[in-house]
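Beneath this line is the structure, given in structure tokens, with notes to follow.
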Number of protein chains: 2
Amino acid sequence: MKTQAIGELSRKTGVHIETIRYYEREGILPTPMRSAAGRRIYSDKDVRRLNFIHKCRGLGFSLKEINSLLSLVDSGEFTCKEVHELTIHHAGQITEKIFNLKKMEGVLQEMAAQCNQGNVPKCPIIDSLFDA
Amino acid sequence: MKTQAIGELSRKTGVHIETIRYYEREGILPTPMRSAAGRRIYSDKDVRRLNFIHKCRGLGFSLKEINSLLSLVDSGEFTCKEVHELTIHHAGQITEKIFNLKKMEGVLQEMAAQCNQGNVPKCPIIDSLFDA
DNA sequence: CTTGCTTCTGTAGTAACTACAGGATACATA
DNA sequence: TATGTATCCTGTAGTTACTACAGAAGCAAG
């Protein structure tokens, strides 16, 4: 399938139609081609871009940060130094997020294991996690 | 230090004073003790809880989801089965987040490495990442 | 006792959606 | 070809999760 309407883009990505139009207004998605009757037409490139945006949002990045990540992709007007700095900055953020999620994952799995043995666990999340 | 005012809690956690009061209104933080003059007094338990909430927000969890995570900690009114189900659900979410972040991390590190060699990288994020 | 900092309540503004309303368009089928 | 239903359009208003003030009161040091 080559092109698609907004509804199919929404179905493929799990992003609401209204949100897609909102992203367009905000300049995060490019203004798409229109059909003769004025309907938005999207390509598979848009599907990939929107998937990327959607997952980033779910990972706690702001639209501003996502724009900055996407700028790495969109443009050749960046110097290598700028790309490098942005990349390192984002990579640092990401490493920290992974670290925190792994901590949570470990605690939750431990709790689930305790439950399997029939004990209501004395939940250790707050006491063992995120003290600073 | 045993107890503290809202300003110190804010400094320790990096959460704005207004946001702390907002969390109290929304029932995510318990209503704290008050001084004779009516000022909020917090304990180190509150520091830990707020740190947890703050990090969760940064990882893309909604306040509703955080409440559900905290319910694992707060209450003895849950059956083992309920705790287990909630735990498994959240652990699944977390594993997926880690998976996506690791993908991003890999791509960004590759880009940074290319930059180090003096090439502006033909950024592969969208093409290699998040196709579904 | 005054000067400066912190806290209080309350309201209003912002970011990122989300949910209609009211109307046009597309498309399958009788 | 008529018609019903699904999809799309623009525009506006509501929601979530903050964020920023205004104006008053408390507290701590000199």
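A quick note: this is a predicted structure, and the numbers were derived from the prediction, not measured. Scope of the values below: all heavy atoms of this structure, side chains included, with no hydrogens, waters or symmetry mates. Within every chain, numbering begins at 1; the chains are lettered A, B, ... in the order of the sequence lines, protein sequences first and strands thereafter.
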**Message:** By the 4.0 Å heavy-atom rule, please label B:Arg21 as base, sugar-phosphate, or nothing.
**Reply:** base

**Message:** Nearest to the A:Tyr22 side chain among C:dA16, D:dC21, C:dC20, which nucleotide is it?
**Reply:** C:dA16

**Request:** Check whether any side-chain N or O of B:Arg49 sits under 3.5 Å from a backbone N or O of B:Ile28 as a donor-acceptor pair, and report yes or no.
**Result:** yes

**Fill in**
For A:Ile41 and A:Pro32 the tightest heavy-atom approach is O-CB, 3.5 Å

**Message:** Return whichever of B:Arg11 or A:Leu63 has its heavy-atom-nearest nucleotide of DNA chain C closer to the 5' end.
**Reply:** B:Arg11

**Request:** Return the 5'-most residue of the pair B:Ile41, A:His16 with respect to DNA chain C, ranking by each residue's nearest nucleotide.
**Result:** B:Ile41

**Message:** For C:dT7, does the base pair up with any side-chain atom of B:Arg40 as donor and acceptor (N or O, under 3.5 Å, distance only)?
**Reply:** no

**Message:** Of the options C:dT9, C:dC17, C:dT7, whose atoms approach the side-chain atoms of A:Tyr23 most closely?
**Reply:** C:dC17

**Prompt:** Closest to the A:Arg39 side chain: C:dC8, C:dC17, C:dA24?
**Reply:** C:dA24

**Message:** Both B:Ser35 and B:Lys64 contact DNA chain D. Taking the nearest nucleotide for each, which residue is further toward the 5' end?
**Reply:** B:Lys64

**Side-chain (B:Lys12) to main-chain (B:Val47) donor-acceptor, under 3.5 angstrom** = no

**Message:** Between B:Ile53 and B:Leu70, is there a side-chain heavy-atom distance shorter than 4.5 Å?
**Reply:** yes

**Item:** Integer-rounded Å distance: C:dA16 C1' and B:Arg57 CZ
**Value:** 11 Å

